[in-house]
Amino acid sequence: MLQIFAMQVAGLDFAEEQWRSYLSQNRLEEAERRRAAHDRQLFLGAEVLLNLALERCAPEVARPAVYRRNAHGKPYLLPPDDDIFVNWSHSGEYVLLALSDLEVGADIQISTAVPRDALVRRVLNAQEQQVYDAVPDEARRRKAFYEFWALKESILKAQGTGFGAPLPEDRGLYQARILDFRDGDYAAAVCCRGGMENAEIQYL
């Protein structure tokens with residue numbers, strides 16, 4: 001089972017009562033420590049989307065959901081709900097979330113900025129950089145870079161490591177896919193252990 005959700009958080013006010021049951025007190029307190037309003041919005045939106053997704057897919061889970069993080073920051077629901085795996089990402093105006101019965105990773109990147117050469121060299125291996133350099137159109141080349149980035153990030157997040165870790169040569173049972181995101185200014189990807197029958201995004 002794999003369910004993918006996205007939500008555009010720009011313009012929403014998570015201080016409104018309608019969102020209260022989707023936000024933990026801890027998340028609200030952490031949000032207050034973030035100086036930029038945009039960062040707070042994305043930070044709160046991630047937990048709202050998590051609980052909206054659980055409301056649809058696992059209504060038996062108490063909300064707001066309680067979770068812990070591993071050493072690399074990946075969230076895991078606490079027992080008795082630890083048979084549900086979740087992962088989220090946010091960028092620009094969107095939050096992306098994947099929910100599965102197996103390990104899962106999701107990533108979204110706003111793709112409007114031209115990546116610096118140093119970043120390209122850090123993110124792409126030699127073979128990927130050749131593909132990137134061969135794309136003649138600048139806009140498509142830029143989008144290709146962020147798709148590579150989102151795909152790699154989703155793999156590492158599914159495996160529970162941060163982006164600083166090397167990408168394994170053998171993915172084993174993990175499958176990754178670039179997602180068809182409705183806003184062309186974004187690149188998104190998901191990685192799941194086991195099969196990936198459904199990789200369609202549901203927009204909330």
Side-chain angles (χ1 to χ4, degrees), residues 2 4-10 34-43 45-46 49 69-76 85-98 100 102-194 196 199 201:
L2 173 65
I4 306 167
F5 297 89
M7 182 171 68
Q8 188 173 15
V9 300
R34 295 171 182 261
R35 294 184 178 180
H38 175 262
D39 292 343
R40 290 195 299 272
Q41 185 79 351
L42 287 172
F43 184 74
L49 183 57
R69 294 183 181 272
N70 73 3
H72 301 284
K74 183 176 181 180
Y76 288 91
F85 294 86
V86 299
N87 198 243
W88 59 76
S89 176
H90 46 71
S91 183
E93 296 185 350
Y94 286 92
V95 177
L96 179 75
L97 178 129
S100 177
L102 295 169
E103 289 279 9
V104 68
D107 193 65
I108 185 170
Q109 301 287 334
I110 189 168
S111 59
T112 52
V114 177
R116 296 181 179 180
D117 290 342
L119 181 61
V120 172
R121 290 193 300 270
R122 183 169 71 87
V123 173
L124 305 184
N125 63 31
Q127 184 178 4
E128 292 163 345
Q129 192 158 349
Q130 285 183 344
V131 173
Y132 170 80
D133 290 337
V135 179
D137 179 76
E138 182 179 328
R140 283 186 295 172
R141 185 167 59 250
R142 183 178 68 243
K143 186 64 174 287
F145 167 77
Y146 287 103
E147 288 177 342
F148 272 128
W149 189 352
L151 194 65
K152 288 188 169 192
E153 186 99 26
S154 73
I155 295 167
L156 292 170
K157 290 170 75 174
Q159 296 182 341
T161 61
F163 195 70
L167 195 67
E169 294 294 330
D170 181 10
R171 295 182 191 167
L173 299 175
Y174 289 86
Q175 295 183 25
R177 185 179 302 175
I178 294 169
L179 298 171
D180 181 17
F181 201 75
R182 69 181 181 188
D183 189 325
D185 287 338
Y186 291 80
V190 66
C191 177
C192 189
R193 192 173 189 273
M196 196 183 296
I201 301 173

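Remember, predicted model here, so these are calculated numbers, not experimental data.
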Going through the checks in order, is the side chain to side chain contact (heavy atoms under 4.5 Å, CB included) test met by Glu128 and Lys152? CA-CA 11 Å; Glu128 292 163 345; Lys152 288 188 169 192; 2.7 Å; yes

Measure from the side-chain N and O atoms of Lys157 to the backbone N and O of Trp88, and report whether any donor-acceptor pair falls under 3.5 Å. yes

Give a yes or no answer on whether the side chain of Arg40 reaches the backbone of Arg35 with a donor-acceptor pair at less than 3.5 Å. yes

Residues at least two apart in sequence or cross-chain that pass side-chain contact (heavy atoms from CB on, under 4.5 Å) with Arg141, listed by chain then number, are Tyr132, Val135, Glu138

Quick one: CG on Leu96 to CG on Asn87, what's the gap to the nearest 0.5 Å? 9.0 Å

Could you tell me whether a side-chain N or O of Asp185 sits under 3.5 Å from a main-chain N or O of Ile110, the two making a donor and an acceptor? no

Side-chain touch Gln129/Arg121, heavy atoms, less than 4.5 angstrom: yes

As an exercise, state the distance from SG of Cys192 to CZ of Arg177, rounded to the nearest 0.5 Å. 10.5 Å

Which pair of non-hydrogen atoms, one from Ser154 and one from Ala176, has the smallest distance, and what is that distance? OG-CB, 4.4 Å

Partner residues of Phe181 under the ring pair (Phe, Tyr, Trp, His ring centres under 6.0 Å) criterion, sequence neighbours left out: Tyr94, Tyr186, Tyr203

What residues form a side-chain contact (heavy atoms from CB on, under 4.5 Å) with Ile178, not counting sequence neighbours? Glu147, Leu151

Heavy-atom closest pair (Pro115 atom, Arg142 atom, distance to 0.1 Å) is CD-CG, 3.9 Å

Of all residues at least two apart in sequence or in a different chain, which pass the side-chain contact (heavy atoms from CB on, under 4.5 Å) check with Phe85? Tyr76, Glu103, Val104

When rounded to the nearest 0.5 angstrom, what is the spacing between OG in Ser100 and CD1 in Ile4? 9.5 Å

If I compare all heavy atoms of Ala46 with all of His90, which pair ends up nearest, and what's the gap? CB-CD2, 4.1 Å

When every non-hydrogen atom of Pro75 is compared with those of Arg69, the smallest separation belongs to CD-NH1, 4.0 Å

Sequence neighbours left out, what passes side chain to side chain donor-acceptor pair (under 3.5 Å) with Gln8? Give chain and number order. Glu93

Excluding sequence neighbours, so at least two apart, what forms side-chain contact (heavy atoms from CB on, under 4.5 Å) with Asp180? none

Please report the interatomic distance CD(Gln175) to CD1(Ile155), rounded to the nearest 0.5 Å. 11.0 Å

Pairwise side-chain hydrogen bond (donor to acceptor under 3.5 Å, both in side chains) hits with a residue in residues 104-120, at least two apart: Ser89-Asp107, Asp107-Gln109

Non-hydrogen atoms of Leu49 and Val95 that approach each other most closely: CD2-O, 3.5 Å

Roughly how far, to the nearest 0.5 Å, is OG of Ser91 from OH of Tyr146? 8.5 Å

Approximate separation, where rounding is to 0.5 Å, of Asn125 CG and Gln130 CD: 9.5 Å

Work out which heavy atom in His38 is nearest to a heavy atom in Gly92; give both atom names and the distance. NE2-O, 2.6 Å

Partner residues of Phe145 under the ring pair (Phe, Tyr, Trp, His ring centres under 6.0 Å) criterion, sequence neighbours left out: Trp149

